[in-house]
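Structure record follows, encoded as structure tokens.
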Amino acid sequence: MSHRFIPLTDADRAAMLQRIGVNSVSDLFADVPRDAQYPEINLPSALSELDMLRTLHDIANRNAHASEYAFFLGAGAYNHFVPATVPHLIFRSEFFTAYTPYQPEISQGTLQTIFEYQSMICDLTGLDAANASHYDAATAAAEAAVMAINSVKNGRKIIVSPTLHPHYRATMRTYLEGQKIPIVGDEDTALSLDAVLDQHLDNNTAGVLVANPDFLGNVRDLKPIADRVHAAGALFIVSTYPIALGMYQPPSAYDADIVIGEGQSLGNALGFGGPYLGIFACKEKYLRRMAGRLIGQTTDTKGRRGFVLTLQAREQHIRREKATSNICTNEALNALAACVYMATMGKQGLRQVAELCYQKAHYAAREISESRQLRELGYRVVNCDSANRFEFFNEFVVECPKSVAEINRALAKQKIIGGYDLAQEYPHLKNGMLIAVTEMNTREQIDALVNALRES
Amino acid sequence: MSHRFIPLTDADRAAMLQRIGVNSVSDLFADVPRDAQYPEINLPSALSELDMLRTLHDIANRNAHASEYAFFLGAGAYNHFVPATVPHLIFRSEFFTAYTPYQPEISQGTLQTIFEYQSMICDLTGLDAANASHYDAATAAAEAAVMAINSVKNGRKIIVSPTLHPHYRATMRTYLEGQKIPIVGDEDTALSLDAVLDQHLDNNTAGVLVANPDFLGNVRDLKPIADRVHAAGALFIVSTYPIALGMYQPPSAYDADIVIGEGQSLGNALGFGGPYLGIFACKEKYLRRMAGRLIGQTTDTKGRRGFVLTLQAREQHIRREKATSNICTNEALNALAACVYMATMGKQGLRQVAELCYQKAHYAAREISESRQLRELGYRVVNCDSANRFEFFNEFVVECPKSVAEINRALAKQKIIGGYDLAQEYPHLKNGMLIAVTEMNTREQIDALVNALRES
Amino acid sequence: MSIVANKPEPLLYEMSNPGTVGYSLPECDVPMTQLPSDLLRSELNLPEVGEVDVVRHFTRLSQKNYCVDLGIYPLGSCTMKYNPKVNEEAIRLAGFSQVHPMQPAETAQGAMQLMYELQEYLGAISGLPGVTLQPAAGAQGELTGVLVIRAYHLARGDTARSEILIPDSAHGTNPATSAMAGYQVVQVKSDARGNMDSEDLRAKVSNKTAGIMFTNPNTLGLFEEHVRAVNQILHDAGGLVYGDGANLNAIVGVARPGDLGFDVIHSNLHKTFSVPHGGGGPGSGPVMVRPDLAQFLPSPVVAQEGETYVFKNPAHSIGRIKSFWGNFLAIVRAYVYIRSFGKEHLQEIAQDSVLNANYLLALIRDVYDPQVPERVCKHEFVLNGTRFKKEYGVNTLDVAKRIIDYGYYPPTIYFPLIVPECLMIEPTETQSKASLDEFAAALRQIAEEARANPQLLHDAPHDTPVTRLDDVKAAREPVLRYKHL
Amino acid sequence: MSIVANKPEPLLYEMSNPGTVGYSLPECDVPMTQLPSDLLRSELNLPEVGEVDVVRHFTRLSQKNYCVDLGIYPLGSCTMKYNPKVNEEAIRLAGFSQVHPMQPAETAQGAMQLMYELQEYLGAISGLPGVTLQPAAGAQGELTGVLVIRAYHLARGDTARSEILIPDSAHGTNPATSAMAGYQVVQVKSDARGNMDSEDLRAKVSNKTAGIMFTNPNTLGLFEEHVRAVNQILHDAGGLVYGDGANLNAIVGVARPGDLGFDVIHSNLHKTFSVPHGGGGPGSGPVMVRPDLAQFLPSPVVAQEGETYVFKNPAHSIGRIKSFWGNFLAIVRAYVYIRSFGKEHLQEIAQDSVLNANYLLALIRDVYDPQVPERVCKHEFVLNGTRFKKEYGVNTLDVAKRIIDYGYYPPTIYFPLIVPECLMIEPTETQSKASLDEFAAALRQIAEEARANPQLLHDAPHDTPVTRLDDVKAAREPVLRYKHL
Ligand SMILES: Cc1ncc(COP(=O)(O)O)c(C=O)c1O
Ligand SMILES: Cc1ncc(COP(=O)(O)O)c(C=O)c1O
């Protein structure tokens with residue numbers, strides 16, 4: 001029997017071979033070494049659609065998910081509300097099964113939506129230009145580092161803040177390894193950013209990459225840092241969490257040259273880590289050094305507005321080994337999701353999401369820090385200063401009396417996914433749990449977490 | 001704040017009122033009795049999308065469903081496989097949010113698909129013409145009865161087989177009550193069809209409605225019945241289960257004049273009973289007496305093929321009180337689902353579904369009837385003749401040693417939804433359980449059912 | 001894609017290639033039984049097409065349809081409002097879509113709770129607390145309601161009532177329903193203000209009158225100014241008042257039919273409560289009645305017993321009106337619409353739909369002719385095209401077809417039947433002011449074209465996959481199915 | 001809808017109406033904290049649009065796109081095959097879509113099992129059993145693979161290798177990748193049969209060679225006839241062989257790169273294994289390596305320990321290549337594609353894609369000029385448009401734009417760079433014979449038009465929302481965002 005995904009019958013095949021003028025399909029593979037043909041391949045047998053679905057249900061059922069568990073886990077990926085408009089629109093075949101918009105006359109849908117995405121990212125970050133996406137924030141960070149190296153005359157190294165996401169720092173190292181560009185600054189993850197700059201910032205610095213909110217949830221005005229970085233002639237690169245920008249001042253306010261960020265939170269599923277969305281924006285003057293695709297507005301022969309892929313001369317298709325990046329396939333559909341998300345939430349909605357995150361996280365932190373019982377057990381919220389003032393957005397660190405892994409195992413039994421275990425990446429935060437709270441966490445869930453900590 | 005479903009702001013409203021030339025919205029309601037305006041309406045408060053979804057999840061979680069339970073329940077609604085093409089296509093906005101295709105130039109999508117649906121129903125039933133749907137099989141049965149009354153000169157009553165679905169019989173009675181047309185034949189639900197005809201068939205009979213497969217699952221060659229009915233000058237109306245027609249001879253083979261059926265099984269969700277799909281087909285000569293919408297093929301002013309609503313002069317829009325039916329909104333999207341389903345399954349697929357149902361049901365019946373233990377407990381499969389030959393499609397009756405409701409309660413604890421309890425509708429089948437088996441029931445599930453019956 | 005959308009699409013049958021499959025099924029996992037060879041069919045002429053071509057065929061066809069999600073769909077009397085996308089998530093939940101109507105009530109408490117709550121909401125909204133969700137559409141709601149009226153009279157031994165009054169502006173389903181229920185239809189004239197002519201009404205009401213069926217606001221988009229008087233006349237004569245709730249959108253939250261003297265009403269959930277129309281259906285047409293009529297409602301309704309929901313048969317039920325319990329998945333959507341607005345916002349539906357209609361009318365009333373220019377309309381309004389026909393030789397069909405060229409669905413035309421060359425426009429509350437401004441601009445331009453270049457309208461539409469189709473041919477030699485070669 | 005699709009669509013920003021909302025969120029249910037006023041932003045210029053207009057805007061825009069679900073999308077090198085719809089059900093399961101990458105491994109065993117199994121399948125299919133699923137796309141797979149090669153040499157203390165050989169037919173990502181990894185690119189010429197020129201290869205290989213990167217079949221759609229010899233030359237020189245698996249579709253199930261002498265290969269899951277392209281992404285580009293190279297793969301990979309799946313860091317890993325574990329939801333889709341074909345049908349993908357390409361070529365080879373006419377092609381073929389340009393004054397861009405008028409997406413053009421006026425066609429295995437016949441007929445007609453009426457091609461496309469756009473203007477004065485007034 002024919003396979004449902006291949007609309008050819010044996011009669012078709014015979015007629016086609018005849019038309020081609022060969023006797024059999026194997027004539028079409030005559031140039032493939034005979035002895036290598038048709039190896040035994042160890043795969044399971046074909047599944048019907050029904051059995052496939054059953055298998056997938058079984059597999060999916062082995063994962064704890066956010067419809068059944070209360071999630072207090074962030075660390076770069078966040079459980080935010082996705083309005084129904086997003087899946088409805090991005091899964092329209094016309095967007096979903098199209099390719100990169102090479103032929104603009106029949107790709108205006110993708111082109112205009114990505115142009116709108118670029119515009120919204122500019123508004124959100126305050127920067128001048130944004131590209132049509134990187135794989136994720138980690139690779140956007142690496143590309144930003146490359147861009148800084150290429151933009152700064154004596155740029156020979158990159159400084160990263162220790163509170164930049166550990167995966168981003170690791171990815172940057174892998175990316176820049178071949179080009180022998182050192183990434184410094186996170187040797188001691190307990191050091192403050194100022195101390196790091198004291199130690200490393202010099203005239204050979206191409207860029208300084210700082211997260212805001214940082215990996216531990218803290219937010220601050222980075223203007224003083226930016227000034228130091230600029231004074232040294234380096235580019236100031238900020239990694240951001242776009243939901244936070246619903247309420248906080250944009251990185252342009254503290255003069256960031258490049259902004260990167262993880263766009264997952266803008267309407268994209270958690271999806272066990274991907275596909276996500278690498279946001280990348282920069283100031284106008286660095287525009288032509290930016291990697292990735294750009295959509296530009298222009299006019300057609302009849303004077304009508306239209307959108308095209310532009311400045312392609314920067315890209316690998318044309319520049320080949322002189323391109324600064326090899327990126328080709330990107331995360332266009334995730335950018336579309338972000339675009340639909342921002343369109344649906346709008347100016348007011350994005351602010352409200354941010355404030356809900358802020359309020360709920362601060363409530364959670366307060367409940368934990370003010371619980372005498374938890375204090376006695378040895379729990380302590382780290383992100384509060386001596387005056388007991390909290391300075392974070394929606395994520396904060398709790399120092400626990402025992403291993404976070406152990407606590408999380410107990411929480412999971414109560415259908416709670418606890419916070420990120422900082423033990424490995426931030427050894428100075430012994431038994432540190434990084435707790436994230438979003439608009440998806442109800443007060444009831446937060447109270448349940450606090451209770452569960454008491455009992456765990 | 002504005003509501004998300006109403007894209008007007010207060011500023012808009014003010015400008016619009018001004019343009020209209022009134023002072024306030026209440027001026028627009030001046031003709032509504034003042035004292036009746038703005039009553040206190042006892043409704044819950046508005047829910048955000050997220051809270052709405054949470055509420056719906058909670059409600060849905062209170063229902064046992066076929067992803068978690070093994071279903072052996074049919075009785076007119078069946079748990080069949082729905083290929084992914086069906087939801088993907090029918091939920092395209094262009095189909096889903098369109099109205100009845102009154103303006104054919106911009107409704108060819110709906111029109112052509114329904115034309116294809118009509119064609120497929122004709123092929124499936126063997127009849128000449130099919131309409132674009134009734135609400136469900138029950139109302140299609142009622143409309144068929146009306147059509148018979150209008151088509152047969154001395155037609156003054158309708159005979160129904162006792163093994164026609166009880167809901168269809170009840171609905172026919174309600175529909176025909178006002179017109180004072182008696183429905184007879186099911187006074188004693190234990191009587192055979194032949195005995196019923198002996199008792200009721202005469203020259204005043206307008207139509208005889210028989211189910212095949214019948215409500216108890218049995219299939220037979222109805223030619224002898226059809227001959228008797230036709231000899232009496234009445235119309236022979238057959239209620240069918242379209243999946244069964246994947247393997248069984250079409251009703252045209254035994255000369256049915258009208259075929260009705262429940263189209264739910266063709267790609268429509270169980271959905272707690274609706275929306276479903278009333279199939280209605282008839283011989284050419286009765287065509288102009290058929291109720292409901294019809295799509296016809298024609299040409300446009302440039303000679304291009306196109307499809308239109310046709311023979312509308314039969315309908316209530318134009319004939320008003322002289323119309324034979326008041327149907328207006330129908331089940332077009334369910335007909336589309338059936339169309340996509342049949343397109344996906346095709347000739348071979350529909351046959352295979354039918355055979356799987358047949359095989360699995362017969363396996364189940366055999367396992368039950370051949371289990372010594374069950375026999376000793378008092379279980380007996382009714383649908384087998386003295387030679388122990390089974391004559392049913394995918395549903396059969398098991399006589400149980402105790403109340404079916406009680407057994408079903410026990411089964412539900414094991415995540416099995418047992419068969420339909422016949423006690424009320426078929427008192428002669430004391431403790432009768434009507435068990436349905438489809439391609440969705442694995443051998444494992446069937447074996448689990450048999451085991452559970454042993455223990456219940 | 002315009003180019004693809006304008007290409008002719010073959011019938012699936014014409015794409016069929018024997019041996020191709022688009023399906024897959026598991027192997028048979030049980031021992032085989034011999035099939036009953038004497039009962040098997042020999043052939044089944046369904047098309048044979050691969051999955052990819054099934055998907056492409058229907059995707060391409062879909063693009064030949066206009067829909068609410070593309071723009072304004074101002075079909076008067078149809079309430080083509082935006083359908084919230086959250087419902088698509090909701091109705092796909094296995095706990096709704098994969099629930100069997102006959103499974104034990106203990107295992108379907110969620111579904112029954114939702115139905116019970118919707119019954120309560122519709123009772124509260126209509127002011128008529130007896131509710132059945134069983135009817136599948138408005139027309140079936142009408143039949144249900146009229147049969148309830150019939151049962152009421154019969155239960156009182158009042159067997160002589162054989163007539164139903166219906167205004168001449170009524171939708172065709174009203175007279176058709178009355179006839180189905182065994183009643184004679186007596187037509188009541190409309191007056192110049194679009195109300196029922198009260199003299200005619202008084203003349204026609206009698207002790208043969210079982211009741212009256214009317215829509216309020218009516219199909220002219222006008223609220224019956226003497227609604228209480230009309231209902232009083234009926235009640236005085238021993239008749240009941242049936243409200244065709246197709247136009248409930250205009251008053252939902254602002255006034256309750258029960259408070260206005262209606263005894264029975266249906267609501268088209270696919271209109272007021274935003275169940276998508278699906279190219280013609282499915283819908284849902286619950287019926288609400290005053291308390292003493294609840295005993296006649298179809299079986300079953302959902303009742304609450306302690307913490308448990310149960311199906312109950314009303315004491316003197318008219319019986320079943322369809323199989324199972326109603327169009328449940330449509331009911332879920334209406335439930336969402338009501339709860340999304342809630343008690344705080346519900347009346348905005350009516351207020352803004354009426355505001356939108358009056359605004360749109362204000363934008364065009366100098367170039368088109370409102371049927372009753374002296375009144376404010378409710379959620380829709382009716383234009384009279386007589387002048388266009390006389391002065392420009394352009395009829396309403398031409399205007400409608402020309403609207404297509406501007407990228408909009410045309411309004412309802414030639415209904416209600418009492419208005420010559422009728423054009424009936426209903427914008428709904430889900431249109432923005434900007435979208436009405438644009439639509440009005442198009443209508444104004446068309447009026448200008450009708451004057452200056454009527455041929456443009458006669459030839460419209462111009463850029464559609466097909467243009468005007470031969471209806472006469474379609475009806476004279478009906479081709480209702482693909483004919484195998 | 002053609003008329004709607006051809007209307008200009010405003011930018012969302014241009015639709016914005018201050019105060020309108022398309023969202024809703026729950027009330028804050030916790031006691032409030034003072035916001036940090038010194039850190040707050042004063043304005044955020046996002047558009048303000050209601051839900052209905054959000055939906056309509058993007059629905060209308062979607063109809064301005066061609067897509068696989070509308071018809072053939074014969075972009076050479078891109079493998080635009082049909083995307084099974086079952087995946088849309090699959091990836092919406094909460095157990096996939098709502099799983100956090102950092103949650104404890106015990107709570108994500110299903111996801112890890114699926115990843116582990118896909119690693120095994122890709123190892124089996126490629127003949128290279130070390131697998132990472134981390135790369136997000138082909139290009140990132142390339143970088144990963146080249147860094148693995150680099151790590152291999154360095155681990156052996158072989159620090160002098162600074163060059164990567166790349167044939168002149170290569171995709172731009174190959175040289176760009178090599179440069180990113182710190183290598184010099186040395187180009188190898190192609191010969192007249194479309195193979196690598198073996199003399200040139202021998203001349204360029206040396207003890208400075210870290211490896212070679214090539215695609216097989218290559219971007220001419222031709223299988224490297226001396227694949228084993230090439231690989232032997234590299235291995236003899238101490239270099240490794242990187243296979244760009246973008247064209248794996250042509251040989252999947254028929255031959256394994258590992259058996260042909262490749263050491264490292266990536267697979268674009270969005271090509272061979274039917275992950276939808278999403279208008280440019282996301283994709284997924286797993287890398288497969290021979291056993292001794294597995295120690296260098298990115299961290300982490302999924303391993304099995306007893307009944308449990310765990311993340312493990314390879315001993316001498318090159319490090320992370322992105323955050324988390326890879327494009328998981330893309331991985332799910334590839335998993336479905338492989339299991340839907342299974343061991344019985346897998347090779348049909350290659351066989352039928354090659355059959356389709358050769359058939360299509362046979363239908364048009366008398367009117368278009370294949371670049372290497374003497375060979376059978378694999379899953380795609382390349383035409384040379386020089387004659388059209390010379391004889392008719394029609395260039396390949398004109399031909400491509402004219403194809404749009406026939407309702408198809410044009411093939412890849414001007415790639416590979418070594419073929420003048422190149423047109424590169426890949427039909428994939430998911431096209432029916434009938435669809436190829438139709439497409440060929442259109443191509444033949446266009447060839448005839450090029451001769452008879454070249455202006456028709458110069459002016460194409462004719463019925464699209466916009467026609468040829470001014471690229472120069474776009475690049476010279478870039479407008480990359482909406483500018484607020
Ligand atoms: C005024 C009026 N009454 C009744 C109906 C019939 O309702 P349904 O189509 O839901 O059966 C309609 C439908 O258009 C209507 O407009
Ligand atoms: C031959 C070849 N190599 C590499 C790539 C890059 O792959 P990706 O787009 O997945 O990054 C492509 C993509 O088109 C290709 O065709």
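Quick note on labels: first sequence line is chain A, next is B, and so on, each numbered from 1.
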Contacting moiety of [X], where chain B heavy atoms sit under 4.5 Å:
X      : answer
C:R339 : both
C:L363 : both
C:L35  : both
C:L147 : side chain
C:L480 : both
C:M80  : side chain
C:L260 : side chain
C:F58  : both

Checklist entry - Using a distance-only test with no angle check, is there a side-chain donor-acceptor pair under 3.5 angstrom linking B:Q352 and C:Y23? => result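 Indeed, the side chains of B:Q352 and C:Y23 share at least one donor-acceptor pair under 3.5 Å.
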Checklist entry - Is a side-chain donor-acceptor pair under 3.5 Å present for C:E344 with B:H3? => result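 No - no donor-acceptor pair under 3.5 Å links their side chains.
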Item to check | Between C:N83, C:D259, C:V354, the one whose heavy-atom pairs under 4.5 Å with chain B are most numerous | outcome: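 Max contact count across the listed options: C:V354.
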Item to check | Residues that C:K433 engages under side-chain contact (heavy atoms from CB on, under 4.5 Å), provided they are two or more places apart | outcome: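 side-chain contact (heavy atoms from CB on, under 4.5 Å) check on C:K433 returns B:L8, B:D12, B:A15, B:M16, C:Y359, C:D437.
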Checklist entry - Got a sec, which residues hit side-chain contact (heavy atoms from CB on, under 4.5 Å) with B:D27, two or more places apart in sequence or on another chain? => result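 Partners of B:D27 by the side-chain contact (heavy atoms from CB on, under 4.5 Å) criterion, ordered by chain and then number, come out as B:V22, B:N23, B:S24.
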Report which part of [X] has an atom under 4.5 Å of a heavy atom belonging to chain C: side chain, backbone, both, or neither.
X      : value
B:V219 : both
B:L336 : side chain
B:T299 : both
B:K322 : neither
B:V308 : side chain
B:L350 : side chain
B:L53  : side chain
B:A129 : side chain
B:P83  : neither
B:H165 : side chain
B:I41  : both
B:D221 : both
B:R19  : both
B:F71  : side chain

Next on the checklist: Go through it in stages, so that I can follow the logic: the residues are C:N65 and B:I106, the test is side-chain contact (heavy atoms from CB on, under 4.5 Å), and I'd like the CA-CA distance, side-chain angles, deciding distance and then a yes or no.
Outcome noted: CA-CA 5 Å; C:N65 262 15; B:I106 49 174; over 6 Å; no
Checklist entry - Would you say the side chain of C:E51 lies within less than 4.5 Å of the side chain of B:T85, judging by non-hydrogen atoms? => result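 Yes, close enough: below the 4.5 Å cut-off.
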Item to check | Side chains of B:P33 and C:R228 in contact at under 4.5 Å (non-hydrogen atoms) | outcome: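 Touching, per the 4.5 Å side-chain cut-off.
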Checklist entry - Does B:Y276 have its ring centroid less than 6.0 Å away from the ring centroid of C:F324? => result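 So the answer is yes for these two rings.
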Checklist entry - Would C:T467 and B:K302 satisfy side-chain hydrogen bond (donor to acceptor under 3.5 Å, both in side chains), going step by step from the backbone distance to the final call? => result CA-CA 8 Å; C:T467 183; B:K302 298 185 180 159; over 6 Å; no
Next on the checklist: Closer than 4.0 angstrom, basic N to acidic O: yes or no for B:E105 and C:R468?
Outcome noted: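 C:R468 and B:E105: not salt-bridged.
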Item to check | Pair C:R481 + B:E116, salt bridge at N-O below 4.0 Å | outcome: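 No.
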Item to check | Geometric cation-pi criterion, C:K322 with B:Y175: 6.0 Å, 45° | outcome: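 Negative - C:K322 is either too far from the ring of B:Y175 or too far off its axis.
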